[in-house]
Amino acid sequence: MQNPIIVIGMGELGSVFARGCLKLGYPVQGVRREDSLQQMAQAIPNPQAVIVAVGEADIHSVMQNFPAAWAHDVVLIQNELLPRDWQASQIPRPTVISVWFEKKPGMDTKVVVPSPVYGKHSKLIFDAMATLDIPVVQLGSSEELLYELVRKNLYILTTNIAGLEVGGDVQTLAQSHPALMKSVASDVLDIQDWLTDHTNDRDQLMEGMLTAFDGDPAHKCMGRSAPARLKRALSFADEAGLMVPQLRKIAQAHL
């Protein structure tokens, strides 16, 4: 019998990862919000991997209370993740996947572009998603992972925040509102540079974002989380002393 895989958070995405692991032949133990991680770790001290599939709003509280026995086998899948998020926790070197597929209630999984993954359990995630025909790319370095995480953040924040202003889909944003898209993206990258303590390659990142646009041109810009994402971005900008004039202009009109 294979060691079980723990999935913390059995929502839409967590269920996708659980199904892929089950199809590989692993037993899967789901963890609900009301379950104690410490008690679960006592019962299952040596899992094959621990996939943390809670939403962005809950990830930091989960990481702060993470069982030490599981700390070296963590897989993180959240949006807006950066190295500073796990470096401040008890999880030293997680496997991280930048998820580029959607799963909503009542719909099948929809792939935008292949999802890059890096870390100890990269092959496990690659193999599990392959059972579901979800493409994953295994990265070779932490530098590649940093680019991919910033790229995803750029995509999410630019489309969500610009979407507060103009709505529509990503193709319309790029074709009909290029000046707005670029000004929002510039502000977002100012914040990402500060959060990563790194001068990110803006031309490469913009090209990467537009490649993702091509993967799903009809993807709606503004999700339900858009106002919260803008508020969070502005809180970082305030902490860093950044101007981010376009973000502040949008906030004045829509928050």
Side-chain angles (χ1 to χ4, degrees), residues 13-14 16-17 20 49 51-56 59-60 63 74-89 91-103 109-130 132-161 170 174 181 184-216 219 221 223 225 229 232-233 236:
L13 276 184
V16 172
F17 282 90
I51 300 173
V52 182
V54 300
E56 295 102 297
I59 181 61
H60 288 98
M63 288 196 295
V74 178
V75 180
L76 300 177
I77 72 170
Q78 288 68 28
N79 287 325
E80 295 191 59
L81 271 182
L82 289 170
R84 61 182 261 147
D85 295 304
W86 61 80
Q87 288 166 356
S89 74
I91 301 169
R93 286 181 295 278
T95 299
V96 182
I97 179 169
S98 180
V99 173
W100 282 99
F101 58 87
E102 277 192 301
K103 178 65 177 76
T109 305
K110 183 177 185 180
V111 173
V112 178
V113 293
S115 297
V117 64
Y118 177 71
K120 176 181 178 180
H121 292 297
S122 291
K123 188 175 187 305
L124 170 66
I125 297 301
F126 177 92
D127 291 344
M129 295 299 97
L132 306 174
D133 295 322
I134 295 174
V136 169
V137 175
Q138 296 183 74
L139 302 176
S141 70
S142 57
E143 290 78 15
E144 289 178 88
L145 175 64
L146 180 62
Y147 165 77
E148 292 293 352
L149 294 177
V150 174
R151 175 195 182 199
K152 183 69 183 295
N153 290 351
L154 177 64
Y155 174 94
I156 292 171
L157 292 166
T158 299
T159 57
N160 272 216
I161 294 169
V170 298
M181 178 190 74
V184 171
S186 178
D187 285 356
V188 167
L189 287 173
D190 285 347
I191 296 169
Q192 295 297 302
D193 283 356
W194 179 75
L195 288 171
T196 59
D197 193 24
H198 179 73
T199 302
N200 293 285
D201 186 330
R202 298 193 174 209
D203 290 339
Q204 184 187 18
L205 285 161
M206 289 297 291
E207 183 178 337
M209 181 176 73
L210 293 174
T211 297
F213 283 12
D214 291 340
D216 184 10
H219 190 93
C221 285
S225 301
R229 293 192 196 284
R232 188 158 53 244
F236 288 136

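Just so it is clear, the model here is predicted, and its values are computed rather than measured.
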- Starting from the C-alpha separation in whole Å, work towards a yes-or-no answer on side chain to side chain contact (heavy atoms under 4.5 Å, CB included) for I134 and V16. CA-CA 10 Å; I134 295 174; V16 172; 3.8 Å; yes
[X] and [Y]: which non-hydrogen atoms are nearest, and at how many Å?
| X | Y | value |
| --- | --- | --- |
| V52 | I77 | O-CG1, 3.6 Å |
| V113 | A212 | CG1-CA, 4.0 Å |
| V54 | Q78 | O-NE2, 2.8 Å |
| N200 | D193 | ND2-OD1, 2.8 Å |
| T196 | L146 | CG2-CD1, 3.7 Å |
| V75 | A49 | CG2-CB, 4.4 Å |

Can you check whether [X] reaches [Y] side chain to side chain, under 4.5 Å on heavy atoms?
| X | Y | value |
| --- | --- | --- |
| I59 | E80 | no |
| D85 | M63 | yes |
| M206 | M181 | yes |
| I97 | F17 | yes |
| T159 | R229 | no |
| V74 | W86 | no |
| V96 | Y118 | no |
| S186 | R202 | yes |

To the nearest 0.5 Å, how far apart are [atom1] in [X] and [atom2] in [Y]?
| X | Y | atom1 | atom2 | value |
| --- | --- | --- | --- | --- |
| D127 | H121 | CG | NE2 | 13.0 Å |
| L149 | S142 | CG | OG | 10.5 Å |
| S98 | E148 | OG | CD | 6.0 Å |
| I156 | N79 | CD1 | CG | 3.0 Å |
| R151 | E207 | CZ | CD | 9.5 Å |
| D216 | F101 | CG | CZ | 14.0 Å |

- Just by distance, do the side chain of T158 and the backbone of V184 share a donor-acceptor pair under 3.5 Å? no
- Message: Let's go through C221 and V170 carefully: what are the C-alpha distance in whole Å and the side-chain angles of both, what is the deciding distance for side chain to side chain contact (heavy atoms under 4.5 Å, CB included) to 0.1 Å, and is it a yes or a no?
- Response: CA-CA 6 Å; C221 285; V170 298; 4.2 Å; yes
- Query: Is it true that atom CZ of R84 has more than 12 heavy atoms of other residues, nucleotides or ligands lying nearer than 6.0 Å?
  - Reply: yes
- Task: Determine, step by step, whether I51 and I125 satisfy the side chain to side chain contact (heavy atoms under 4.5 Å, CB included) criterion, reporting the C-alpha distance in whole Å, the side-chain angles of both residues, the deciding distance to 0.1 Å, and the verdict.
- Result: CA-CA 10 Å; I51 300 173; I125 297 301; 4.2 Å; yes
- Only one of V137, L124, V136, L145 clears side chain to side chain contact (heavy atoms under 4.5 Å, CB included) with V117; which? V136
- Once the angle between the rings of Y155 and W100 is folded into 0 to 90°, is it parallel (under 30°), tilted (30 to 60°) or perpendicular (over 60°)? perpendicular
- Full working for side chain to side chain contact (heavy atoms under 4.5 Å, CB included) between L132 and T109: CA-CA 9 Å; L132 306 174; T109 305; over 6 Å; no
